Protein chains: 2
Amino acid sequence: MIEAGLKPSVTRKSGVALWRQIADQMRQAIGSGALGADGRLPPEFTLSQRFGVNRHTLRSAIAALVQEGVLRAEQGRGTFVESRKRLSYPISARTRFSTGLRDQTRDRRSVLLADAVEPAGERVAEALGLAAGSNVIRLETLSEADGRPVSRATSWFDAKRFAGFARHYAKTGSITASFQKFGIDDYFRHSTLVSARHADAADLTDLKLSPGAIVLVAIAVNVDPKGKPIQFAETRFAADRVELTVSTEA
Amino acid sequence: MIEAGLKPSVTRKSGVALWRQIADQMRQAIGSGALGADGRLPPEFTLSQRFGVNRHTLRSAIAALVQEGVLRAEQGRGTFVESRKRLSYPISARTRFSTGLRDQTRDRRSVLLADAVEPAGERVAEALGLAAGSNVIRLETLSEADGRPVSRATSWFDAKRFAGFARHYAKTGSITASFQKFGIDDYFRHSTLVSARHADAADLTDLKLSPGAIVLVAIAVNVDPKGKPIQFAETRFAADRVELTVSTEA
DNA sequence: AATAATTTGTACGTATGTATG
DNA sequence: ACATACATACGTACAAATTAT
């Protein structure tokens with residue numbers, strides 16, 4: 001492929017590190033389509049020669065762009081340009097995952113990865129309004145849209161009130177539908193805490209992310225119509241695939 | 001200082017990269033206080049000898065921990081342990097920065113970095129309900145709490161309706177107070193879009209972050225009591241210092 | 001099906017630059 | 001001016017994963 005648009009030029013001893021100059025030029029070239037127009041970058045060695053630097057120096061530049069989410073490197077295959085379309089995930093009093101992403105994706109589904117009954121930790125017990133050490137159901141779930149992992153959630157429920165919840169969820173793939181089996185036809189998002197951090201090893205695997213990727217973490221409490229907490233959940237979203245929309249309808 | 005708690009041991013050809021093993025051990029040692037209990041790490045060369053690896057290999061481990069926000073490296077000074085306390089920033093219909101952080105910090109202030117009057121971009125014009133190309137006021141502001149930068153915001157206002165806004169803001173350091181000068185005693189957060197990305201060069205400087213740090217980006221529209229948009233803003237929060245609290249009082 | 005070629009990842013060595021104290 | 005400590009850059013070699021032969 002001819003990449004006529006890329007005119008590499010780096011200046012030594014300019015006060016700006018070579019790898020940074022290269023990263024800046026590559027970012028620009030990718031944006032304008034002069035580089036990686038077919039979604040794929042030339043091999044590291046080729047690029048390093050083109051810029052007139054050592055392969056390691058070029059690798060530093062690539063590493064920076066991988067961090068930013070511009071590129072994705074796969075051992076043995078090559079380095080690829082990341083697509084940047086983000087799904088919009090609404091957070092409101094009526095937040096539900098499946099309805100939230102409706103109309104934005106053709107295919108979406110939720111999978112139950114694991115479930116367990118165990119004594120509640122301090123944080124979980126407090127959020128659900130249970131006595132410390134009460135049994136809770138823990139659900140580990142993964143949600144995908146158009147075949148790509150979007151979020152990975154850990155949810156807790158009162159084991160006494162919601163005995164068998166995991167079984168219902170495994171069948172329906174829906175929290176809302178599972179709650180209905182317990183006579184809860186409606187529920188509300190009480191509060192949500194949003195933070196962001198780098199993906200840990202587990203996130204990388206489950207969400208199929210590159211090292212250094214960012215996850216948006218939403219910690220939420222859902223309550224039934226009477227205001228009693230029924231679900232405590234921590235959801236990790238792949239930050240390069242999702243943005244959160246907070247609707248504050250006053 | 002004696003750091004008896006740190007018992008370094010790496011296994012070659014175990015399928016796990018040395019730098020990853022070292023990063024894991026260091027993270028754990030830092031968490032338990034066995035390493036960097038005084039907030040400071042031994043020099044890279046010392047650590048590399050302790051782990052029995054090359055200095056570069058140890059640097060890879062440190063780079064990973066800097067990414068995660070566990071460490072902060074300062075050229076010529078040393079490598080330091082990052083403190084992890086996060087401020088909680090509420091997002092609701094009544095979101096205001098100054099009131100938001102009240103009670104959480106002793107000292108907080110907002111500074112006007114720059115301001116300009118310019119034609120509105122497409123996105124800004126649409127958000128403010130203005131004709132494309134209308135003049136808008138742009139405010140670049142920085143907010144600090146206890147001497148540490150917390151957020152960096154870019155705000156836009158209708159230049160016709162809010163002529164002289166920047167001057168009021170420079171004096172008061174408060175959006176709320178400045179709006180009052182224009183007869184707006186109350187306003188509401190209409191919508192907020194939350195995403196996360198790696199800090200760019202400008203973020204690093206303004207928010208005093210280490211390369212690879214994460215910023216939480218909140219894009220918001222504020223409206224007056226009649227529902228007319230009065231402010232469009234993009235705020236970048238240092239993700240390791242802030243978390244967002246979404247209150248959805250249904 | 002097995003092997004070779006390609007491509008990214010890890011590790012070490014060495015030298016020099018830059019910022020701090 | 002000097003020593004210390006982190007940052008950048010080049011070189012070399014081999015490992016690991018994927019793709020082509």
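Please read these numbers as outputs of a predicted model, since none were measured by experiment. Chain identifiers are assigned alphabetically (A, B, ...) following the order of the sequence lines, protein sequences preceding nucleic acid strands; residue numbering begins at 1 within each chain.
Here the nucleotide nearest the side chain of B/Arg77, chosen from C/dA11, D/dA9, C/dT20, is C/dT20. Ranking D/dA7, D/dC10, D/dA5 by closeness to the B/Ala73 side chain, first place goes to D/dA7.
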**Request:** Go through B/Arg86 and B/Val242 one step at a time and tell me if the side-chain contact (heavy atoms from CB on, under 4.5 Å) criterion holds.
**Result:** CA-CA 5 Å; B/Arg86 277 180 176 158; B/Val242 183; 5.9 Å; no
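Proximity of B/Asn54 to the phosphate of C/dA11: no side-chain N or O atom is located under 4.0 Å from OP1 or OP2. OP1 or OP2 of C/dT8 sits under 4.0 Å from a side-chain N or O of A/Thr79. Listed pair A/Arg40 / D/dT18 fails the phosphate criterion, with no side-chain N or O lying under 4.0 Å from OP1 or OP2.
For B/Arg55 and D/dA7, a side-chain-to-base donor-acceptor distance below 3.5 Å is present, hydrogens and geometry of angles not being considered. Applying the 3.5 Å distance criterion, the base of C/dG9 shares no donor-acceptor pair with the side chain of A/Glu74. The base of C/dT10 is not paired with the side chain of B/His56 by any donor and acceptor separated by under 3.5 Å.
Note: A/His198 and B/His198 have tilted aromatic rings, judged against thresholds of 30 and 60 degrees for the angle between ring planes. Under the 30°/60° scheme for interplanar angles, the aromatic rings of B/Phe157 and B/Phe165 are found to lie parallel.
Salt-bridge check for A/Arg197 with B/Glu68: failed, with every basic side-chain N at 4.0 Å or more from each acidic carboxylate O.
With rounding to whole Å, A/Gln75 atom CD is found 5 Å from C/dT8 atom C1'.
Residue contacts shown for B/Leu18 are limited to sugar-phosphate atoms, with no base heavy atom under 4.0 Å away. Within the nucleic acid shown, A/Arg12 comes within 4.0 Å of sugar-phosphate atoms alone, with no base atom in reach, counting heavy atoms only.
D/dA1 is unpaired under the Watson-Crick or G-U wobble criterion, no partner having all donor-acceptor distances under 3.5 Å.
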